[in-house]
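Inspection log for the structure reproduced underneath, given as C-alpha cells.
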Amino acid sequence: MPRRGHTPVRDILPDSKYSEKLVTKFIHTLMFGGKKSTSEKIVYGALEVIHQRTKDDPLKVFKKALSNVRPAVEVKSRRVGGSTYQVPVEVRPERRNALALRWITIYAKARKGASMMDKLAAELFDAAENRGESVKKREDVHRMAEANKAFAHYRW
C-alpha cells in the first residue's frame with residue numbers, strides 16, 4: 001500500500017491474436033521469469049488445441065471456463081476480541097478474474113502431462129465443462145464461506 005496517495009491502475013493492451021484483454025491478463029499470469037514470448041506460445045497453443053479438439057471458438061471456451069471458476073464469495077480472517085473469525089465477504093470483479101486466472105494456471109501446472117500447452121488446454125476444457133481442480137477450488141471457497149455465514153456480521 002503506497003504511503004503517498006493512490007496508485008493509478010495501469011490499462012493493459014489487448015493481445016495481438018484475439019484482441020482480448022483477458023487473454024493478455026492470462027498470458028501475464030502464466031509468465032515466469034519475464035519470458036512473455038514463451039507464455040504467449042503456451043496460451044495460443046493451448047487455445048489452438050482446444051479449437052482442434054472441440055471445433056468451436058476457443059475464446060468462447062476460454063470465457064466459459066473463466067466464468068465457471070470465478071468465485072463470488074471468499075473468507076477473510078478478522079480478529080475480534082482475541083479470537084480470529086473467518087468472515088465471508090463478496091469478491092470484487094477484478095479480484096474474481098485474478099483468482100480464476102491464477103487457479104487455472106496453478107492447477108494446469110500441477111497436472112500430469114507432456115507439455116504445458118496440453119496441460120493448460122485440458123484444464124481450460126475441464127473448467128468449461130464445470131469439472132477439474134480449478135472448479136473444485138472455487139466450490140471449496142464457496143463452501144468455506146457458506147460454513148462461516150454466522151460470522152457475516154463481523155464484516156467491515
Quick check for you: to the nearest 0.5 Å, what is the distance between [X] atom [atom1] and [Y] atom [atom2]?
X: Asp118; Y: Glu123; atom1: CG; atom2: CD; value: 13.5 Å
X: Ile42; Y: Lys119; atom1: CD1; atom2: NZ; value: 9.5 Å
X: Ile106; Y: Glu133; atom1: CD1; atom2: CD; value: 12.0 Å
X: Ser37; Y: Met31; atom1: OG; atom2: CE; value: 10.0 Å
X: Thr29; Y: Arg102; atom1: OG1; atom2: CZ; value: 8.0 Å
X: Leu99; Y: Ser134; atom1: CG; atom2: OG; value: 12.0 Å

Neighbour count >12 (heavy atoms, 6.0 Å) for atom [atom1], [X]:
X: Lys41; atom1: NZ; value: no
X: Lys136; atom1: NZ; value: no
X: Glu20; atom1: CD; value: yes

Problem - Evaluation steps, salt bridge (charged side-chain N to carboxylate O under 4.0 Å, His left out), between Asp126 and Arg111 - result: CA-CA 12 Å; Asp126 281 353; Arg111 272 178 178 253; 2.4 Å; yes

Linking I/L/V/M/F/W/Y whenever their side-chain heavy atoms sit closer than 4.5 Å, directly or via other members, would [X] and [Y] fall into one cluster?
X: Met116; Y: Ile50; answer: yes
X: Val49; Y: Tyr107; answer: no
X: Phe26; Y: Leu22; answer: yes
X: Val69; Y: Leu59; answer: yes
X: Leu120; Y: Leu66; answer: yes

Minimum heavy-atom separation for [X] to [Y], with atom names?
X: Arg131; Y: Phe125; answer: NH2-CE2, 4.0 Å
X: Asn68; Y: Val135; answer: O-CG2, 4.2 Å
X: Pro14; Y: Thr24; answer: C-OG1, 3.3 Å
X: Lys64; Y: Ser67; answer: O-OG, 2.8 Å
X: Ser77; Y: Thr84; answer: CB-CG2, 3.9 Å

Quick check against the 3.5 Å criterion: does [X] have a side-chain atom that pairs as donor or acceptor with the backbone of [Y]?
X: His142; Y: Pro71; answer: no
X: His51; Y: Asp57; answer: no
X: Asn148; Y: Phe151; answer: no
X: Arg96; Y: Val91; answer: yes

Problem - Side-chain heavy-atom pair Pro88, Glu74 within 4.5 angstrom cut-off - result: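 Counting from C-beta outward, Pro88 and Glu74 never come under 4.5 Å.
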
Problem - Member of Lys21, Arg92, Lys25, Arg70 meeting the side-chain hydrogen bond (donor to acceptor under 3.5 Å, both in side chains) criterion with Asn97 - result: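 The passing option is Arg70.
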
Problem - Derivation of the salt bridge (charged side-chain N to carboxylate O under 4.0 Å, His left out) call for Asp140 and Arg143 - result: CA-CA 5 Å; Asp140 289 345; Arg143 200 174 305 117; 2.8 Å; yes

Exercise for the section: Check whether the ring centres of Phe62 and Tyr18 lie less than 6.0 Å apart, and answer yes or no. Expected result: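 Aromatic pair excluded; centres sit 6.0 Å or further apart.
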
